[in-house]
Number of protein chains: 2
Amino acid sequence: MTDLDLVLKEHGLRKTTFRKELLSLFYDSNSSLTAEEVKNILGHTTDKVTIYRALDAFEKTGLIHRVPDKSNLTRYAICHSECSSIKHVHNHAHFICNSCNETFCINDIKIPHIEGAKGFLIKNAKLTLEGDCPQCQS
Amino acid sequence: MTDLDLVLKEHGLRKTTFRKELLSLFYDSNSSLTAEEVKNILGHTTDKVTIYRALDAFEKTGLIHRVPDKSNLTRYAICHSECSSIKHVHNHAHFICNSCNETFCINDIKIPHIEGAKGFLIKNAKLTLEGDCPQCQS
DNA sequence: TCTTTAACGCAACTCGGTTGCAAATATAAA
DNA sequence: TTTATATTTGCAACCGAGTTGCGTTAAAGA
């Protein structure tokens with residue numbers, strides 16, 4: 001039983017050929033993926049509905065998390081911390097490249113603590129950075 | 001010539017009945033608006049294409065700016081600072097209410113300066129807060 | 001008033017994502 | 001190993017936010 005099999009099992013998911021490939025994609029990616037990118041990478045054999053449902057399942061069980069996207073697409077990246085179906089725990093920043101439009105998780109940058117303002121009860125904070133990623137700086 | 005007329009003129013836009021109403025909506029709103037919300041507030045006489053194009057024009061000329069939205073809708077709020085067709089200048093935080101799903105501009109909270117990480121060139125930063133807005137705290 | 005150009009309205013379209021349902025398959029129990 | 005159950009998959013059809021083309025209307029400046 002490979003690592004991928006084990007991870008899927010631990011999260012209550014079945015180890016189908018497609019879901020193992022999908023999970024592998026996320027582990028190999030240094031940034032993040034959209035449903036369309038998944039489809040392009042894997043070839044077109046898998047129906048888009050299957051991709052969307054697998055992404056939903058992965059997110060619900062804490063394998064991947066949503067990251068911001070430049071074009072309002074739904075974009076996911078692997079979870080590194082102790083996420084589960086109960087709760088996602090992320091306090092890192094995200095970086096969107098103005099050139100390649102990719103979104104990267106920046107685990108080095110933690111979200112600073114923000115003091116509340118005039119009656120707003122802050123429960124969560126997200127920090128999104130924009131600029132040029134290492135690959136796009138000539 | 002009312003204030004609204006003057007503002008539209010200063011931004012190179014024509015003072016039609018609809019655009020005056022639209023601009024007035026944004027000045028009166030303490031949070032932000034989507035195209036659908038605009039349509040609902042104004043009644044159904046105005047075509048959705050007209051609303052979308054007016055919102056685009058308002059954004060391009062620096063009257064309104066895009067704010068994050070819980071459901072990936074395109075959502076706008078009035079610009080308070082010195083925005084123009086050349087450049088939008090915003091360094092305030094945005095607050096999304098988990099209950100009413102509205103997005104508020106929090107002008108009191110400025111974006112902290114973020115130090116770059118391992119090869120990423122940071123040109124802009126966005127801070128989005130989530131929680132309960134004043135109206136939704138019972 | 002005339003001319004130019006921005007704004008409007010309609011219809012049709014695009015595209016990311018969803019829903020219903022039946023068929024296939026992984027998993028656990030017998 | 002076989003059987004039963006629940007998950008996953010694929011197809012088709014659908015949904016809804018936003019866009020495009022184009023002809024018409026109406027501001028603004030001359």
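Below, each value reflects all heavy atoms present in this structure, side chains not excepted, and no hydrogens, waters or symmetry copies. Per chain, numbering begins at 1; letters A, B, ... match sequence-line order.
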#### Entry: Test side-chain hydrogen bond (donor to acceptor under 3.5 Å, both in side chains) applied to B:T34 and B:R75, step by step
CA-CA 5 Å; B:T34 64; B:R75 180 175 285 278; 4.8 Å; no
### Query
For A:E59, does its backbone N or O pair with a side-chain atom of A:H88 as donor and acceptor, under 3.5 Å?
yes
### Task
Identify, with sequence neighbours excluded, every residue that meets side-chain hydrogen bond (donor to acceptor under 3.5 Å, both in side chains) alongside A:N98.
none
### Task
May I have the distance from A:E36 (atom CD) to C:dT14 (atom C1'), rounded to whole angstrom?
13 Å
### Message
So does A:K20 get a backbone contact from the side chain of A:K15, meaning a donor-acceptor N/O pair under 3.5 Å?
### Response
no
List, with names and distances, any nitrogen or oxygen atoms from the protein found under 3.5 Å away from nitrogen or oxygen atoms belonging to nucleotides 28-30 of chain D.
residue	atom	partner	partner atom	Å
D:dA28	OP1	B:K15	N	3.4

### Message
Rounded to whole Å, please give me the gap between CZ in A:R19 and C1' in D:dT9.
### Response
9 Å
### Query
In whole angstroms, how far is the C1' atom of D:dG16 from the CG atom of B:L73?
10 Å
### Task
Give the rounded distance in Å between these two atoms: CG of B:L33 and P of D:dA17.
15 Å
### Query
In whole angstroms, how far is the P atom of C:dG16 from the CD atom of A:E37?
11 Å
### Message
Can you work out whether B:T34 or B:T17 has the more 5'-proximal nearest nucleotide on DNA chain D?
### Response
B:T34
### Task
Pick base, sugar-phosphate or nothing for A:T74, based on heavy-atom distances below 4.0 Å to the nucleic acid.
sugar-phosphate
### Message
List the residues meeting side-chain hydrogen bond (donor to acceptor under 3.5 Å, both in side chains) with B:T61, not counting sequence neighbours, and say none if there are none.
### Response
none
### Message
If you take any heavy atom closer than 4.0 Å to DNA chain D, which residues from residues 46-59 of chain B end up in contact?
### Response
B:K48, B:V49, B:Y52, B:R53
### Query
Hey, are the side chains of B:S32 and B:Y76 touching, using non-hydrogen atoms and a 4.5 Å cut-off?
no
### Task
Nearest whole angstrom, please: distance from the C1' of C:dC8 to the NZ of B:K39.
12 Å
### Message
Rounded to whole Å, how long is the line connecting atom CZ of A:F18 with atom P of C:dT25?
### Response
16 Å
### Task
Each residue besides B:Y52 in its hydrophobic cluster should be listed here, by chain and number; the cluster joins Ile, Leu, Val, Met, Phe, Trp and Tyr at side-chain heavy-atom distances under 4.5 Å.
none
Under 3.5 Å, which donor-acceptor pairs link side chains of residues 112-129 of chain A to any protein atom two or more places apart or in another chain?
residue	atom	partner	partner atom	Å
A:K123	NZ	B:D132	OD2	3.3
A:N124	ND2	B:E130	OE1	3.4
A:K126	NZ	B:E130	OE2	3.0

### Query
How many Å lie between CZ on B:R75 and P on D:dG18, as a whole number?
10 Å
### Query
Is a donor on one side and an acceptor on the other found under 3.5 Å between the side chain of B:K39 and the backbone of B:T46?
yes
